[in-house]
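Beneath this line is the structure, given in structure tokens, with notes to follow.
Here the structure is a predicted model, which is why all the values come from computation and not from measurement.
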Amino acid sequence: MWRKNWKSAENLPCLDSNCLQHQNRVTAEKNAEKLDAQLMSLDSCTEETNVKLHGNTKDLESLVNEKDGEGHKETNSSFLHAVINMSGMLIGLGQLSTPYALENGGWASAFLLVGIGVACGYSSHLLGKCLHENSKSRDYKDIGQHAFGSKGRIVATAFIYMEIFMALVSYTISLHDNLATIFLGTKINLGWNHLQTSQILTAIAILVALPTLWLRDLSSISFLSTAGILMSLVIFATVACTAVFGGVKANHSIPALQLNNIPAISGLYIFSFAGHIVFPNIYTAMKDPSKFTKVSIVSFSTVTLLYTALAFMGAKLFGPQVDSQITLSMPRNLIVTKIALWATVLTPMTKYALEFAPFAIQLEHNLPHSMKFRTKMIIRGTVGSILLILILILALSVPYFEYVLSLTGSLVSVGICIIFPCAFYTKIFWSQIKRPLLILNMILIISGVLLGTTGTISSSKLLVQKFQRARTS
């Protein structure tokens with residue numbers, strides 16, 4: 001009986017204070033273990049979510065940084081890699097018009113070409129200094145904000161998108177002109193419209209390029225970027241082959257100076273060196289960013305030399321008959337001409353997704369976070385498709401390559417390449433900038449404003465006159 005009572009007593013709650021403390025401690029330990037398990041589960045979920053979000057952000061950032069070969073996520077770019085990327089960015093559509101610009105401006109305008117190249121190389125150096133001053137700055141818009149606050153960021157963003165839009169219009173005009181030459185004599189009659197064959201072919205090419213605006217993964221964009229750089233190099237090589245092996249004598253004389261044409265051709269020269277919106281991405285991707293100035297010197301020296309050689313080569317080969325796009329002046333019976341024409345056609349088709357990427361990323365960021373990924377992708381692709389169709393309509397309505405390109409250079413590129421970098425640097429380093437450097441920056445800003453103003457007025461007038469003549473005829 002005592003045994004039963006003792007067993008029953010074991011099951012009774014303990015009234016001793018020490019026993020109560022022991023039970024409380026055991027209960028607390030159990031609760032702590034449960035809480036730890038919940039926290040570990042929560043951390044696991046959070047980590048998994050962060051991985052997913054980081055993966056998506058990584059893809060987005062890779063697209064923003066991706067333009068003509070600059071897709072960097074890590075600071076692992078060597079000096080040579082940075083030089084190749086910057087040179088590849090610079091060598092683009094502008095090289096087609098340098099012989100035309102030299103012929104119309106005179107051989108003395110080559111000094112303007114070299115001078116603009118030196119100024120743009122110097123402004124690239126200034127961008128590197130601005131990035132070094134503020135480690136939080138990662139792109140061109142960040143530098144604008146660091147210098148002038150939110151207003152600086154807004155202005156920089158507006159000019160970047162304007163340059164992208166106008167450059168894509170120029171690319172589409174070039175696409176149309178070269179397709180017209182390739183399929184010269186071909187007739188396409190759909191019966192229900194009055195479009196010319198070249199316009200129909202351009203519309204088909206745009207439809208083929210349209211799906212690239214829906215691309216979002218790094219590998220696809222990288223392929224397009226690499227292809228664009230290769231096409232630009234192929235164009236230069238084919239013109240050189242025409243001069244050496246094409247049987248065309250380079251015996252045309254180039255006028256010394258045609259001062260009245262300088263404002264218009266200055267825009268063509270400036271556009272040839274446009275690429276500064278991507279240079280911050282090259283800087284941040286370098287293993288040793290302190291070598292960025294050397295990268296700028298080597299890249300701009302190389303590209304300026306190539307542009308000058310191509311300008312004199314084309315002007316001497318074709319003289320006053322040189323077209324605003326050198327590929328359209330090359331003898332059509334040569335195989336290198338066919339290669340050059342197709343390379344010029346493929347170049348714009350590789351650019352659409354790359355040029356549209358910054359706008360697409362910003363668009364996705366502005367959409368509600370609760371929106372499904374598929375819905376965001378549909379909105380992104382739809383907006384991109386509408387913009388590309390708008391660019392097609394504008395390019396077919398105003399198919400005057402040299403004037404649109406010159407207007408782009410004078411109205412937008414001069415600000416991004418010369419005026420803004422000098423202004424950003426001067427504002428950021430105002431308290432420590434030396435007087436000679438301040439004077440140099442002010443001279444470049446004033447020169448850029450003068451070139452931009454006169455070039456915009458001149459190219460706008462020529463564009464309007466050309467448009468009016470086309471309508472009356």
Side chains of [X] and [Y]: donor-acceptor distance under 3.5 Å anywhere?
| X | Y | value |
| --- | --- | --- |
| Gln258 | Asn104 | no |
| His276 | Ser123 | yes |
| Ser97 | Glu402 | no |
| Ser296 | His125 | no |

* Check step by step if side-chain contact (heavy atoms from CB on, under 4.5 Å) holds for Val464 and Lys461. => CA-CA 5 Å; Val464 171; Lys461 285 183 177 179; 5.9 Å; no
From [X] atom [atom1] to [Y] atom [atom2], the distance as rounded to the nearest 0.5 Å:
| X | Y | atom1 | atom2 | value |
| --- | --- | --- | --- | --- |
| Leu131 | Ile282 | CG | CD1 | 11.5 Å |
| Asn441 | Ile446 | CG | CD1 | 11.0 Å |
| Tyr283 | Arg138 | OH | CZ | 9.5 Å |
| Ile265 | Ser406 | CD1 | OG | 9.0 Å |
| Phe424 | Ile143 | CZ | CD1 | 7.5 Å |
| Thr408 | Leu168 | OG1 | CG | 10.0 Å |

* Decide side-chain contact (heavy atoms from CB on, under 4.5 Å) for Phe401 and Asp177; before the verdict, give the C-alpha distance in whole Å, the side-chain angles of both, and the deciding distance to 0.1 Å. => CA-CA 9 Å; Phe401 176 80; Asp177 294 344; 4.0 Å; yes
Examine distances only and state if a side-chain atom of [X] and a backbone atom of [Y] form a donor-acceptor pair shorter than 3.5 Å.
| X | Y | result |
| --- | --- | --- |
| Ser109 | Gly106 | yes |
| Gln199 | Gln196 | yes |
| Ser78 | His81 | yes |
| Thr375 | Met371 | no |
| Ser447 | Ile443 | yes |
| Thr98 | Gly94 | no |
| Thr304 | Phe300 | yes |
| Ser266 | Pro263 | yes |
| Thr337 | Pro331 | yes |
| Thr426 | Ala423 | no |

Looking only at non-hydrogen atoms, find the nearest pair between [X] and [Y] and report the distance.
| X | Y | value |
| --- | --- | --- |
| Phe273 | Val303 | CE2-CG1, 4.3 Å |
| Leu392 | Thr202 | CD1-CG2, 3.7 Å |
| Glu163 | Ala274 | OE2-CB, 3.5 Å |
| Val414 | Ser410 | CG1-O, 3.1 Å |
| Ser272 | Tyr307 | O-OH, 2.9 Å |
| Tyr171 | Tyr352 | C-OH, 4.5 Å |

Could you check whether any side-chain heavy atom of [X] comes within less than 4.5 Å of a side-chain heavy atom of [Y], counting everything from C-beta outward?
| X | Y | value |
| --- | --- | --- |
| Phe79 | Val83 | yes |
| Thr157 | Tyr161 | yes |
| Met286 | Val295 | yes |
| Leu112 | Tyr269 | yes |
| Ser397 | Ile393 | yes |
| Val345 | Trp342 | yes |
| Ile182 | Lys338 | no |
| Leu179 | Thr197 | no |

* Yes or no on side-chain contact (heavy atoms from CB on, under 4.5 Å) for Val398 and Lys466, after CA distance, side-chain angles and deciding distance? -> CA-CA 9 Å; Val398 192; Lys466 185 74 174 181; over 6 Å; no
* To do: With side-chain contact (heavy atoms from CB on, under 4.5 Å) as the test, would you mind laying out the steps for Asp142 and His146 before giving the verdict?
  => CA-CA 6 Å; Asp142 289 342; His146 182 207; over 6 Å; no
* Greater than 12 external heavy atoms within 6.0 Å of Lys376's NZ -> yes
* Asked: Got a sec: does the NZ of Lys129 have more than 12 other heavy atoms crowding it under 6.0 Å?
  -> no
* Please say which of Phe159, Tyr140, Phe148 ends up in a ring-ring contact (aromatic ring centres under 6.0 Å, His included) with Phe420. => Phe159
* Check against side chain to side chain donor-acceptor pair (under 3.5 Å), Gln325 and Thr344 -> CA-CA 10 Å; Gln325 300 177 69; Thr344 310; over 6 Å; no
